[in-house]
Amino acid sequence: MKVSMIKNLYQKHVSTAALVCAFRGALSYDDSHPLSGLFKDKYASKLCGFPLTCAFLFPPLTLSLFFLTFRKLIPGSAVILVRAYYMEKQLAEQVRQGVNQYVMVAAGMDSFLLRKRGLAEKMTVFEVDLPQIQQEKKQKLTKLGCHFPSNYHFVSADLARQSLKESLQDHGFDFGKKAFFSLMGLIYYLPKASFLEMMKGIAEASVAGTMVIFDFLYDDASLNDSQKAWKSDCSDMVSSCGEDFIYDTSAHQLEKDLADLGYHQESMMSLQDLYPSIGLDDHPTAGPSCFGIAVFSVK
C-alpha cells in the first residue's frame, strides 16, 4: 500500500486526540530518543484506536511508518513528549506541596491512570471530556484490565454548552481547596473569547494558589520562517482530522489577558526552549516548534 493511501486512510478516520496519543506511543518505541527515560507511554498503542494502532503490530517498523506517513510533522514532534513530561513534572511538584485535586480538561486518550497510578492515588482526579470520547476511553481501559478507583472521576461535558464549574461540582470537586488544572492540547481549538471565559470561571471560583497549565499556539509575528512553516503543516494536519486551529497569541498578549482576569504568571516559554535542558538539541524530532507552554496561578 502506498504511503499516500495510508495517510489518506489515517486522516479520514483519525482525530487529533488519537493522533497525539499514537505519536506518544510511537516515540516511546524509540529507546534511543532522549526523552525515553523521562516519559514513556506503553499504553498509547492500545488507546489510539484504528487505524493508528495497526502501526504498532510490527514494532520494528512502528517509528518508520510514522516517519513516512507524517513526515512533515516529524521535525517538531518532540513537543508532544516535552509538553507531557513538563506538565506532569509540574503536577508532581504541586502534589508534594499538598495539592490533592487534579483536573484534566480535554483529557482525550491520555493514559495517566495507567502510567501514574501511584500519583493518581494521592489525589482526587477529574477527567473532563465529551461523553462519546469518555465512553470509548473507558471501554478501552476496561479491556486493558484497568480498575477505576473511587477517587478518579470521568466528567462527561460538552464545554461549548456546559459550565466547567457546574460539571465539576456535580462530581464532588471542592472549589474551596487548591487544585491543578491542565488544559493541554485544548485552547488553540477554541475561540479566544471561549478560552478567556473558561479561565475567568476558574479564577472566580477557585482559591488563591490554584494552578492552571496549558500549551498555546504562537501567532505568526512571534515565529521565525521555519516555525511558521511547521505551524502551517500542523494546521493542515489538524484540519484533515476535522479540527482547525482557531486561537493563537503572543506571550505578551497572553500575560496581559490573564492578568486582567486575576492570574499571576508563574512561567511561560516556548516548548522549543526546553529542548537543550533535556538533550534534544540535534535530535531529528527536535525541529522548529510553534507552541509555547504556560503556568498561571490564581491570585
Side-chain angles (χ1 to χ4, degrees), residues 83-84 86-108 110-131 133-134 137-138 147-187 190 192-216 254-268 293-299:
R83 73 180 188 183
Y86 184 82
M87 185 276 290
E88 291 186 357
K89 183 178 178 182
Q90 301 302 309
L91 171 63
E93 178 58 32
Q94 287 295 295
V95 172
R96 282 192 288 271
Q97 294 181 22
V99 175
N100 60 7
Q101 293 188 114
Y102 174 36
V103 182
M104 304 168 63
V105 183
D110 191 301
S111 59
F112 178 78
L113 179 57
L114 295 169
R115 291 183 295 102
K116 297 289 186 177
R117 190 79 181 198
L119 189 58
E121 290 174 350
K122 297 178 181 178
M123 301 177 290
T124 304
V125 182
F126 302 84
E127 281 203 23
V128 185
D129 217 321
L130 295 169
I133 292 178
Q134 292 205 321
K137 182 175 183 178
K138 289 171 74 173
H147 167 68
F148 303 114
S150 59
N151 65 316
Y152 208 95
H153 303 278
F154 290 88
V155 182
S156 296
D158 182 351
L159 297 179
R161 298 177 176 84
Q162 297 170 257
S163 161
L164 175 61
K165 177 183 177 181
E166 292 177 0
S167 298
L168 288 172
Q169 285 178 325
D170 289 344
H171 287 78
F173 183 84
D174 188 350
F175 277 98
K177 296 180 179 179
K178 288 183 182 180
F180 185 84
F181 283 79
S182 169
L183 311 183
M184 302 298 288
L186 171 65
I187 75 167
L190 300 175
K192 178 179 179 178
S194 297
F195 164 61
L196 294 181
E197 186 65 27
M198 182 183 295
M199 293 294 287
K200 179 182 178 182
I202 294 172
E204 290 179 344
S206 300
V207 297
T210 288
M211 296 282 188
V212 185
I213 187 171
F214 54 87
D215 59 333
F216 63 94
L254 184 59
E255 181 179 10
K256 180 181 182 303
D257 290 339
L258 295 187
D260 291 343
L261 297 180
Y263 284 94
H264 169 72
Q265 179 187 309
E266 298 290 337
S267 65
M268 190 189 310
I293 192 164
V295 181
F296 283 81
S297 63
V298 176
K299 292 180 182 178

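Computation of the quantities below employed the complete heavy-atom set of this structure, encompassing side-chain atoms and omitting hydrogens, waters and symmetry-equivalent molecules.
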Task: Point-to-point distance, once rounded to the nearest 0.5 Å, from OG of S167 to NE2 of H153 - done: 14.0 Å
TODO: Would you indicate whether the side-chain heavy atoms of P149 and R117 approach each other to under 4.5 Å?
DONE: yes
Open item on the list: How close do I187 and D215 get, counting heavy atoms only, and between which atoms?
Closed with: CG1-O, 3.5 Å
Open item on the list: To the nearest 0.5 Å, what is the distance between CZ on F296 and CG on D257?
Closed with: 9.0 Å
- [ ] Identify the two heavy atoms, one from K178 and one from V207, that lie closest to each other, and give their separation to 0.1 Å.
- [x] N-CG2, 3.5 Å
Task: Euclidean distance, F126 CZ relative to M104 CE, rounded to 0.5 Å - done: 13.0 Å
Open item on the list: Treating K122 as the side-chain partner and N100 as the backbone partner, does any N or O pair qualify as donor plus acceptor under 3.5 Å?
Closed with: no
- [ ] Please report the C-alpha distance between R115 and E88 in whole Å, then the side-chain angles of each, then the deciding distance to 0.1 Å, and finally whether the salt bridge (charged side-chain N to carboxylate O under 4.0 Å, His left out) criterion is met.
- [x] CA-CA 11 Å; R115 291 183 295 102; E88 291 186 357; 2.7 Å; yes
- [ ] May I ask you to decide if the ring planes of Y102 and F180 are parallel, tilted or perpendicular, using 30° and 60° as cut-offs?
- [x] tilted
TODO: Evaluate the criterion side chain to side chain donor-acceptor pair (under 3.5 Å) for residue pair Q90 and Q94; output intermediate values, then yes/no.
DONE: CA-CA 6 Å; Q90 301 302 309; Q94 287 295 295; over 6 Å; no
Task: Spatial distance of atom OG1 (T210) from atom NZ (K299) [nearest 0.5 Å] - done: 15.0 Å
Open item on the list: Please give me the minimum heavy-atom distance between L196 and L261, naming the atom from each residue.
Closed with: O-CD1, 3.5 Å
TODO: Indicate yes or no: at least one non-hydrogen side-chain atom of M211 is less than 4.5 angstrom from one of V99.
DONE: no
TODO: Might you point out which heavy atoms bring L113 and H147 nearest each other, and give the distance in Å?
DONE: CD2-O, 4.2 Å
Open item on the list: Does F214 form a side chain to side chain contact (heavy atoms under 4.5 Å, CB included) with F181? I'd like the steps, not just the answer.
Closed with: CA-CA 9 Å; F214 54 87; F181 283 79; over 6 Å; no
Open item on the list: Tell me whether D129 contacts the main-chain N or O of Q134 through its side chain, where contact means a donor paired with an acceptor under 3.5 Å.
Closed with: no
Task: Short side-chain to backbone donor-acceptor contact, S163 and E166, under 3.5 Å - done: yes
TODO: To the nearest 0.5 angstrom, please state how far the OG atom of S156 sits from the CG atom of D170.
DONE: 11.5 Å
Open item on the list: Could you report the tightest heavy-atom contact between R83 and G185, atom names first, then the distance?
Closed with: NH1-CA, 3.8 Å
Task: K192 NZ: over 12 foreign heavy atoms closer than 6.0 Å - done: yes
TODO: Show your working on side chain to side chain contact (heavy atoms under 4.5 Å, CB included) between Y263 and I202 and close with a plain yes or no.
DONE: CA-CA 10 Å; Y263 284 94; I202 294 172; 3.5 Å; yes
TODO: Before giving the answer on side chain to side chain contact (heavy atoms under 4.5 Å, CB included), spell out for M199 and L258 the whole-Å C-alpha distance, their side-chain angles and the decisive distance to 0.1 Å.
DONE: CA-CA 8 Å; M199 293 294 287; L258 295 187; 4.0 Å; yes
Open item on the list: Has N151 got a side-chain atom pairing as donor or acceptor with M123's backbone, closer than 3.5 angstrom?
Closed with: yes
TODO: Measure the shortest side-chain to side-chain distance between F154 and H171 over non-hydrogen atoms and say whether it is less than 4.5 angstrom.
DONE: no
- [ ] Flag the pair K137 and E127 as a salt bridge only when some basic side-chain nitrogen lies within less than 4.0 angstrom of an acidic carboxylate oxygen.
- [x] yes
Open item on the list: Treating Q101 as the side-chain partner and F173 as the backbone partner, does any N or O pair qualify as donor plus acceptor under 3.5 Å?
Closed with: no
TODO: Would you sort out whether F112 and L91 count as a side chain to side chain contact (heavy atoms under 4.5 Å, CB included), showing the intermediate values?
DONE: CA-CA 12 Å; F112 178 78; L91 171 63; 3.8 Å; yes
- [ ] Measure the OG-CG distance between S206 and D174 for me, rounded to the nearest 0.5 Å.
- [x] 10.5 Å
Task: Under 3.5 Å: donor-acceptor pair, side chain of Q162, backbone of D158 - done: yes
Open item on the list: Minimum heavy-atom separation for I133 and G108, please, with both atom names.
Closed with: CG2-CA, 4.3 Å
Task: Close aromatic pair by centroid cut-off 6.0 Å: F216 and F195 - done: no
